[in-house]
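Here is the structure we will look at.
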Amino acid sequence: MRPSPALGPNAYFIGVAGSRHSLDTPALLLDRAALERNIAKMAAIAEQHGIGLRPHVKTHKSARIAQMQIEAGAVGVSCATLGEAEAMVQAGIPGVLVTSPVVSTNKLRRLVALAEKAGPRQLMVVVDDACNVAELAVLAARLAYPLDVLIDYQCGYHRTGVPDEDAALALARTIAETGSLRLRGIQAYGGNLQHIAARNQREDAAAQLRETVAKLVRALRSAGMPIEMVTGVGTGTHESDAGGGVFTEMQPGSYVFMDVEYAQVLSDETRGAPFETALYVQSTVVSTRAPAWVTVDAGTKSFATDSVAPVVARGVDGPAQYAFFGDEHGKLTVDAEHRPPLAARIEFTTPHCDPTVNLYDRYHVVDGDTLIDIWPIDARGRL
Ligand code: PLP
Ligand code: MN
(Lines give C-alpha, C1' and ligand atoms only; values in the text may rest on other atoms or scores of the structure.)
(Ligands and ions follow the chains in the order given, each with its own letter.)
Protein backbone atom coordinates (compact mmCIF):
# COMPACT_ATOMS: atom_id res chain seq x y z
CA MET A 1 0.00 0.00 0.00
CA ARG A 2 1.22 3.51 -0.86
CA PRO A 3 1.94 5.48 2.33
CA SER A 4 0.12 8.75 2.88
CA PRO A 5 1.85 11.69 1.14
CA ALA A 6 1.46 13.56 4.43
CA LEU A 7 4.20 11.35 5.87
CA GLY A 8 6.75 12.64 3.36
CA PRO A 9 9.41 10.92 1.26
CA ASN A 10 10.67 8.65 4.05
CA ALA A 11 7.36 6.91 4.64
CA TYR A 12 8.48 3.86 2.64
CA PHE A 13 11.22 3.23 5.20
CA ILE A 14 8.94 2.80 8.23
CA GLY A 15 9.74 -0.53 9.84
CA VAL A 16 12.66 -1.32 7.53
CA ALA A 17 15.64 -2.52 9.60
CA GLY A 18 18.60 -0.12 9.35
CA SER A 19 16.49 2.53 7.61
CA ARG A 20 17.74 5.30 9.90
CA HIS A 21 20.80 5.49 7.67
CA SER A 22 18.95 5.74 4.34
CA LEU A 23 16.64 8.67 5.02
CA ASP A 24 16.12 11.62 2.71
CA THR A 25 17.59 14.57 4.57
CA PRO A 26 17.58 17.02 6.21
CA ALA A 27 15.28 15.12 8.54
CA LEU A 28 14.26 15.70 12.13
CA LEU A 29 14.84 12.51 14.16
CA LEU A 30 13.23 11.60 17.43
CA ASP A 31 14.61 8.83 19.63
CA ARG A 32 11.44 7.33 21.04
CA ALA A 33 12.97 5.56 24.03
CA ALA A 34 14.85 8.69 25.17
CA LEU A 35 11.67 10.76 24.74
CA GLU A 36 9.70 8.29 26.85
CA ARG A 37 12.34 8.31 29.59
CA ASN A 38 12.43 12.12 29.68
CA ILE A 39 8.63 12.32 29.92
CA ALA A 40 8.57 9.74 32.72
CA LYS A 41 11.39 11.41 34.62
CA MET A 42 9.82 14.87 34.77
CA ALA A 43 6.46 13.31 35.69
CA ALA A 44 8.17 11.44 38.56
CA ILE A 45 9.87 14.63 39.81
CA ALA A 46 6.51 16.42 39.85
CA GLU A 47 4.80 13.53 41.59
CA GLN A 48 7.52 13.19 44.18
CA HIS A 49 7.10 16.84 45.14
CA GLY A 50 3.33 16.83 44.92
CA ILE A 51 3.34 19.57 42.28
CA GLY A 52 1.27 19.63 39.10
CA LEU A 53 2.90 19.35 35.68
CA ARG A 54 1.52 21.25 32.67
CA PRO A 55 4.32 20.80 30.13
CA HIS A 56 4.84 23.44 27.46
CA VAL A 57 3.97 22.28 23.95
CA LYS A 58 5.83 25.20 22.35
CA THR A 59 8.77 22.78 22.28
CA HIS A 60 7.23 19.86 20.40
CA LYS A 61 3.97 21.23 18.90
CA SER A 62 2.74 17.64 18.71
CA ALA A 63 -0.61 16.31 19.89
CA ARG A 64 0.89 12.85 20.08
CA ILE A 65 3.65 13.89 22.48
CA ALA A 66 1.17 15.99 24.49
CA GLN A 67 -0.96 12.85 24.84
CA MET A 68 2.07 10.90 26.09
CA GLN A 69 2.68 13.63 28.69
CA ILE A 70 -0.95 13.50 29.82
CA GLU A 71 -0.81 9.71 30.07
CA ALA A 72 2.31 10.08 32.24
CA GLY A 73 0.35 12.24 34.68
CA ALA A 74 0.41 15.84 33.38
CA VAL A 75 -2.64 17.89 34.44
CA GLY A 76 -2.79 19.57 31.03
CA VAL A 77 -0.52 21.42 28.62
CA SER A 78 0.76 24.95 28.22
CA CYS A 79 0.75 26.72 24.84
CA ALA A 80 2.58 29.85 23.71
CA THR A 81 0.16 30.71 20.90
CA LEU A 82 -3.53 30.51 20.19
CA GLY A 83 -2.71 28.38 17.14
CA GLU A 84 -0.98 25.81 19.34
CA ALA A 85 -3.94 25.80 21.71
CA GLU A 86 -6.32 25.24 18.78
CA ALA A 87 -4.24 22.27 17.63
CA MET A 88 -4.27 20.76 21.14
CA VAL A 89 -8.02 21.21 21.71
CA GLN A 90 -8.67 19.83 18.24
CA ALA A 91 -6.78 16.69 19.30
CA GLY A 92 -8.77 16.38 22.54
CA ILE A 93 -5.92 17.38 24.89
CA PRO A 94 -7.41 18.59 28.21
CA GLY A 95 -6.35 21.45 30.50
CA VAL A 96 -4.90 23.87 27.96
CA LEU A 97 -3.25 27.04 29.30
CA VAL A 98 -2.29 29.83 26.90
CA THR A 99 0.81 31.38 28.49
CA SER A 100 0.95 34.61 26.46
CA PRO A 101 -1.69 37.35 26.49
CA VAL A 102 -4.10 37.03 23.54
CA VAL A 103 -4.65 40.46 22.02
CA SER A 104 -6.89 41.84 19.20
CA THR A 105 -10.58 41.30 18.65
CA ASN A 106 -10.36 38.52 16.11
CA LYS A 107 -7.99 36.46 18.23
CA LEU A 108 -10.16 36.98 21.31
CA ARG A 109 -13.12 35.68 19.31
CA ARG A 110 -11.09 32.63 18.34
CA LEU A 111 -10.14 32.15 21.99
CA VAL A 112 -13.76 32.23 23.17
CA ALA A 113 -14.81 29.85 20.38
CA LEU A 114 -12.02 27.54 21.50
CA ALA A 115 -13.11 27.74 25.14
CA GLU A 116 -16.58 26.68 24.02
CA LYS A 117 -15.20 23.77 22.05
CA ALA A 118 -12.91 22.70 24.91
CA GLY A 119 -15.67 22.75 27.53
CA PRO A 120 -15.80 24.03 31.12
CA ARG A 121 -12.42 24.56 32.82
CA GLN A 122 -10.48 23.09 29.91
CA LEU A 123 -9.00 26.36 28.59
CA MET A 124 -7.21 29.15 30.47
CA VAL A 125 -5.43 32.26 29.31
CA VAL A 126 -3.09 34.75 30.95
CA VAL A 127 -3.87 38.48 31.02
CA ASP A 128 -1.85 41.54 31.98
CA ASP A 129 -4.02 44.46 30.87
CA ALA A 130 -7.39 45.88 31.98
CA CYS A 131 -8.55 46.85 28.46
CA ASN A 132 -7.76 43.34 27.23
CA VAL A 133 -9.71 41.92 30.18
CA ALA A 134 -12.68 44.18 29.40
CA GLU A 135 -12.76 43.13 25.74
CA LEU A 136 -12.40 39.45 26.59
CA ALA A 137 -15.12 39.70 29.26
CA VAL A 138 -17.67 41.03 26.76
CA LEU A 139 -16.92 38.24 24.28
CA ALA A 140 -16.83 35.54 27.00
CA ALA A 141 -20.28 36.52 28.26
CA ARG A 142 -21.80 34.22 25.63
CA LEU A 143 -20.21 31.15 27.22
CA ALA A 144 -22.37 29.02 29.51
CA TYR A 145 -19.58 29.10 32.12
CA PRO A 146 -16.93 31.62 33.15
CA LEU A 147 -13.65 31.64 31.24
CA ASP A 148 -10.63 30.97 33.46
CA VAL A 149 -7.85 33.56 33.47
CA LEU A 150 -4.51 33.89 35.25
CA ILE A 151 -2.71 37.13 35.95
CA ASP A 152 0.64 37.13 34.20
CA TYR A 153 3.33 38.50 36.52
CA GLN A 154 6.48 40.10 35.14
CA CYS A 155 9.50 38.28 36.59
CA GLY A 156 12.38 40.50 35.51
CA TYR A 157 12.36 39.95 31.76
CA HIS A 158 9.87 42.77 31.05
CA ARG A 159 8.32 40.86 28.16
CA THR A 160 4.75 40.52 29.40
CA GLY A 161 3.10 40.66 32.81
CA VAL A 162 1.96 43.11 35.46
CA PRO A 163 4.94 44.84 37.07
CA ASP A 164 4.05 44.76 40.78
CA GLU A 165 1.58 43.84 43.53
CA ASP A 166 -0.56 46.96 43.12
CA ALA A 167 -1.01 46.33 39.41
CA ALA A 168 -1.81 42.67 40.08
CA LEU A 169 -4.39 43.60 42.69
CA ALA A 170 -6.00 46.21 40.42
CA LEU A 171 -6.24 43.69 37.59
CA ALA A 172 -7.64 41.02 39.95
CA ARG A 173 -10.41 43.45 40.95
CA THR A 174 -11.18 44.23 37.31
CA ILE A 175 -11.47 40.48 36.60
CA ALA A 176 -13.69 39.92 39.65
CA GLU A 177 -16.10 42.60 38.43
CA THR A 178 -16.65 41.01 35.01
CA GLY A 179 -18.81 38.04 35.91
CA SER A 180 -17.82 36.25 32.70
CA LEU A 181 -14.19 35.68 33.70
CA ARG A 182 -12.91 33.75 36.69
CA LEU A 183 -9.52 34.38 38.26
CA ARG A 184 -7.72 31.08 38.84
CA GLY A 185 -4.31 32.30 39.93
CA ILE A 186 -1.09 33.72 38.64
CA GLN A 187 1.61 32.86 36.15
CA ALA A 188 5.17 33.80 37.09
CA TYR A 189 7.53 32.39 34.46
CA GLY A 190 11.14 33.43 35.00
CA GLY A 191 12.28 33.07 31.39
CA ASN A 192 15.44 35.01 32.11
CA LEU A 193 16.52 32.51 34.80
CA GLN A 194 16.32 29.28 32.83
CA HIS A 195 19.69 29.50 31.08
CA ILE A 196 21.84 30.95 33.87
CA ALA A 197 24.96 28.82 33.42
CA ALA A 198 26.12 28.34 37.03
CA ARG A 199 23.80 26.01 38.90
CA ASN A 200 24.06 27.76 42.28
CA GLN A 201 23.39 31.16 40.69
CA ARG A 202 20.41 29.78 38.82
CA GLU A 203 19.03 28.21 41.99
CA ASP A 204 19.58 31.40 44.00
CA ALA A 205 17.77 33.42 41.36
CA ALA A 206 14.90 30.91 41.34
CA ALA A 207 14.67 31.03 45.15
CA GLN A 208 14.58 34.82 45.06
CA LEU A 209 11.79 34.81 42.49
CA ARG A 210 9.83 32.32 44.62
CA GLU A 211 10.03 34.70 47.55
CA THR A 212 8.68 37.58 45.48
CA VAL A 213 5.91 35.39 44.08
CA ALA A 214 4.97 34.07 47.54
CA LYS A 215 4.63 37.65 48.75
CA LEU A 216 2.43 38.51 45.77
CA VAL A 217 0.22 35.48 46.39
CA ARG A 218 -0.19 36.43 50.06
CA ALA A 219 -1.13 39.99 49.12
CA LEU A 220 -3.74 38.83 46.61
CA ARG A 221 -5.20 36.24 48.98
CA SER A 222 -5.42 38.67 51.86
CA ALA A 223 -7.39 40.97 49.56
CA GLY A 224 -9.84 38.08 49.10
CA MET A 225 -8.66 36.98 45.66
CA PRO A 226 -8.94 33.25 44.92
CA ILE A 227 -5.35 32.33 43.99
CA GLU A 228 -5.58 28.59 43.58
CA MET A 229 -2.94 28.14 40.88
CA VAL A 230 0.61 29.45 40.73
CA THR A 231 2.28 28.35 37.52
CA GLY A 232 5.69 28.98 35.94
CA VAL A 233 9.01 27.07 35.94
CA GLY A 234 11.03 25.90 32.95
CA THR A 235 13.51 23.08 32.45
CA GLY A 236 16.34 25.24 33.83
CA THR A 237 14.88 25.82 37.29
CA HIS A 238 12.68 22.74 37.71
CA GLU A 239 15.00 21.10 40.25
CA SER A 240 14.89 24.06 42.56
CA ASP A 241 11.24 25.05 41.99
CA ALA A 242 9.63 21.58 42.17
CA GLY A 243 10.13 21.37 45.92
CA GLY A 244 10.20 25.11 46.58
CA GLY A 245 6.68 25.20 48.00
CA VAL A 246 5.47 28.24 46.03
CA PHE A 247 4.49 26.98 42.61
CA THR A 248 1.49 24.67 42.44
CA GLU A 249 2.51 23.58 38.97
CA MET A 250 5.39 23.64 36.51
CA GLN A 251 5.36 24.28 32.77
CA PRO A 252 8.73 23.06 31.43
CA GLY A 253 9.08 22.36 27.72
CA SER A 254 12.60 21.57 26.53
CA TYR A 255 13.18 18.61 28.86
CA VAL A 256 11.41 16.29 26.40
CA PHE A 257 14.15 16.75 23.77
CA MET A 258 17.07 18.62 25.33
CA ASP A 259 19.39 20.61 23.07
CA VAL A 260 22.96 21.88 22.98
CA GLU A 261 22.11 24.90 25.14
CA TYR A 262 20.30 22.97 27.87
CA ALA A 263 22.86 20.14 27.91
CA GLN A 264 25.45 22.83 28.76
CA VAL A 265 23.26 24.53 31.35
CA LEU A 266 22.07 21.42 33.20
CA SER A 267 25.32 19.44 33.26
CA ASP A 268 28.01 20.21 35.78
CA GLU A 269 31.36 18.63 36.72
CA THR A 270 29.75 16.11 39.05
CA ARG A 271 27.02 14.74 36.81
CA GLY A 272 25.68 14.67 33.30
CA ALA A 273 22.44 16.30 32.23
CA PRO A 274 19.35 14.96 34.02
CA PHE A 275 17.51 14.47 30.71
CA GLU A 276 18.70 12.75 27.53
CA THR A 277 19.03 14.15 24.06
CA ALA A 278 16.06 12.77 22.14
CA LEU A 279 16.02 15.08 19.11
CA TYR A 280 18.51 15.22 16.23
CA VAL A 281 18.77 16.73 12.79
CA GLN A 282 20.13 14.24 10.30
CA SER A 283 21.96 15.62 7.28
CA THR A 284 23.94 14.20 4.37
CA VAL A 285 27.43 15.07 3.15
CA VAL A 286 26.73 16.57 -0.28
CA SER A 287 30.24 17.67 -1.28
CA THR A 288 33.77 16.64 -0.34
CA ARG A 289 35.63 18.80 -2.86
CA ALA A 290 36.88 21.38 -0.36
CA PRO A 291 40.13 20.19 1.24
CA ALA A 292 39.57 21.36 4.81
CA TRP A 293 35.91 20.61 5.33
CA VAL A 294 32.92 18.70 3.97
CA THR A 295 29.62 20.32 3.10
CA VAL A 296 26.37 18.97 4.55
CA ASP A 297 22.79 19.67 3.42
CA ALA A 298 21.61 21.36 6.62
CA GLY A 299 21.97 25.13 6.96
CA THR A 300 19.96 28.02 8.34
CA LYS A 301 16.69 26.48 7.11
CA SER A 302 17.39 23.34 9.14
CA PHE A 303 18.53 24.67 12.50
CA ALA A 304 17.47 27.57 14.70
CA THR A 305 20.15 30.25 14.49
CA ASP A 306 19.39 32.22 17.64
CA SER A 307 21.91 30.54 19.91
CA VAL A 308 24.91 28.25 19.58
CA ALA A 309 26.07 26.04 16.68
CA PRO A 310 24.71 22.52 16.17
CA VAL A 311 26.97 19.79 17.59
CA VAL A 312 27.78 16.49 15.85
CA ALA A 313 26.22 13.57 17.71
CA ARG A 314 26.87 10.76 15.20
CA GLY A 315 28.63 10.21 11.89
CA VAL A 316 32.14 11.55 12.54
CA ASP A 317 34.65 9.63 14.67
CA GLY A 318 36.87 12.57 15.58
CA PRO A 319 36.42 16.23 16.46
CA ALA A 320 34.17 18.18 14.11
CA GLN A 321 33.05 21.79 14.04
CA TYR A 322 29.86 22.92 12.31
CA ALA A 323 29.40 26.40 10.85
CA PHE A 324 26.40 27.78 8.97
CA PHE A 325 27.19 27.88 5.26
CA GLY A 326 24.03 29.39 3.79
CA ASP A 327 20.35 28.50 3.76
CA GLU A 328 20.76 24.87 2.70
CA HIS A 329 24.34 24.09 3.66
CA GLY A 330 26.62 23.64 6.60
CA LYS A 331 30.43 23.61 6.72
CA LEU A 332 31.73 20.70 8.75
CA THR A 333 35.41 21.10 9.53
CA VAL A 334 37.04 17.77 10.29
CA ASP A 335 40.65 16.66 10.30
CA ALA A 336 42.07 14.61 7.42
CA GLU A 337 41.78 11.17 9.08
CA HIS A 338 38.15 11.61 10.04
CA ARG A 339 36.63 13.05 6.88
CA PRO A 340 33.26 11.40 6.21
CA PRO A 341 32.70 10.29 2.61
CA LEU A 342 30.17 11.74 0.18
CA ALA A 343 26.60 10.72 1.12
CA ALA A 344 27.55 9.90 4.73
CA ARG A 345 24.74 10.71 7.17
CA ILE A 346 25.70 13.09 9.97
CA GLU A 347 23.43 13.65 12.97
CA PHE A 348 23.45 16.82 15.02
CA THR A 349 22.12 17.77 18.42
CA THR A 350 19.91 20.81 17.85
CA PRO A 351 21.20 24.17 19.10
CA HIS A 352 17.82 25.41 20.45
CA CYS A 353 15.13 22.77 20.17
CA ASP A 354 11.86 24.76 20.02
CA PRO A 355 12.56 27.01 17.00
CA THR A 356 14.35 24.11 15.26
CA VAL A 357 11.25 21.89 15.51
CA ASN A 358 9.16 24.69 13.98
CA LEU A 359 11.22 24.36 10.76
CA TYR A 360 9.98 20.80 10.11
CA ASP A 361 6.70 19.14 9.17
CA ARG A 362 7.30 15.81 10.88
CA TYR A 363 9.29 13.77 13.36
CA HIS A 364 11.10 10.68 12.11
CA VAL A 365 10.73 8.44 15.11
CA VAL A 366 13.61 6.00 15.50
CA ASP A 367 14.33 2.99 17.65
CA GLY A 368 18.04 2.24 17.33
CA ASP A 369 18.84 1.95 13.63
CA THR A 370 15.26 1.70 12.44
CA LEU A 371 12.69 4.31 11.48
CA ILE A 372 9.59 3.09 13.31
CA ASP A 373 7.09 5.87 12.70
CA ILE A 374 6.52 9.39 11.35
CA TRP A 375 4.57 11.85 13.50
CA PRO A 376 3.20 15.16 12.26
CA ILE A 377 4.27 18.39 13.98
CA ASP A 378 0.63 19.43 14.25
CA ALA A 379 1.09 23.01 15.42
CA ARG A 380 4.11 23.74 13.26
CA GLY A 381 3.92 27.37 12.17
CA ARG A 382 0.68 27.94 14.07
CA LEU A 383 1.47 31.27 15.60
N1 PLP B 1 6.66 28.68 30.02
C2 PLP B 1 6.78 29.76 29.24
C3 PLP B 1 5.86 30.91 29.43
C4 PLP B 1 7.79 29.81 28.25
O5 PLP B 1 7.92 30.89 27.48
C6 PLP B 1 8.65 28.69 28.10
C7 PLP B 1 9.75 28.69 27.12
O8 PLP B 1 10.18 29.66 26.59
C9 PLP B 1 8.47 27.58 28.93
C10 PLP B 1 7.47 27.61 29.88
C11 PLP B 1 9.30 26.33 28.81
O12 PLP B 1 10.59 26.55 29.13
P13 PLP B 1 11.76 25.52 28.85
O14 PLP B 1 11.75 25.18 27.40
O15 PLP B 1 12.94 26.30 29.24
O16 PLP B 1 11.50 24.35 29.70
MN1 MN C 1 13.22 27.66 24.07
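Model, not experiment: these values are computed from the prediction. Counting starts at 1 for both ligands and their atoms, in listed order.
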Carboxylate-amine/guanidinium contact E239 R199, below 4.0 Å: yes
Side chain D367, main chain T370, donor-acceptor under 3.5 Å: no
For G234, atoms of ligand 1 separated by under 4.0 Å from a heavy atom: 12 (O), 16 (O)
Mode of Y255 contact toward ligand 1 - side chain, backbone, both, neither (heavy atoms, under 4.0 Å): neither
Charged tip of R314 within 45° of Y280 ring normal and under 6.0 Å: yes
Residues R289 and T295: side-chain donor-acceptor under 3.5 angstrom: no
Min side-chain heavy-atom separation P55-V256 under 4.5 Å: no
E276/K41 ion pair, N-O < 4.0 Å: no
Option from R382, R380, K61 for which salt bridge (charged side-chain N to carboxylate O under 4.0 Å, His left out) with E84 holds: K61
Residue part near ligand 1, for Q251, under 4.0 Å between non-hydrogen atoms: both
Worked verdict on Y262 versus H195 for ring-ring contact (aromatic ring centres under 6.0 Å, His included): CA-CA 7 Å; Y262 257 134; H195 286 86; 4.3 Å; yes
Nearest-contact summary for atom 14 (O) of ligand 1 - protein heavy atom, Å: S254 OG, 2.5 Å
Side-chain ion pair, R184 and D148, N-O less than 4.0 Å: yes
K107 and E86 ion-paired at < 4.0 Å: no
Mode of R159 contact toward ligand 1 - side chain, backbone, both, neither (heavy atoms, under 4.0 Å): side chain
P252: numbered ligand 1 atoms lying under 4.0 Å from its heavy atoms: 16 (O)
Check: G253 N/O within less than 3.5 Å of ligand 1 N/O: yes
Mode of T235 contact toward ligand 1 - side chain, backbone, both, neither (heavy atoms, under 4.0 Å): both
Contact atoms of ligand 1, heavy-atom distance to T99 under 4.0 Å: 3 (C)
The Mn ion (ligand 2): protein N, O or S atoms [distance under 2.8 Å]: H352 NE2, D354 OD1
Nearest-contact summary for atom 8 (O) of ligand 1 - protein heavy atom, Å: K58 NZ, 2.7 Å
Options Y189, Y262, F257, ranked by nearest heavy atom to atom 6 (C) of ligand 1, top entry: Y189
Ionic contact status for R362 with D373, cut-off 4.0 Å: no
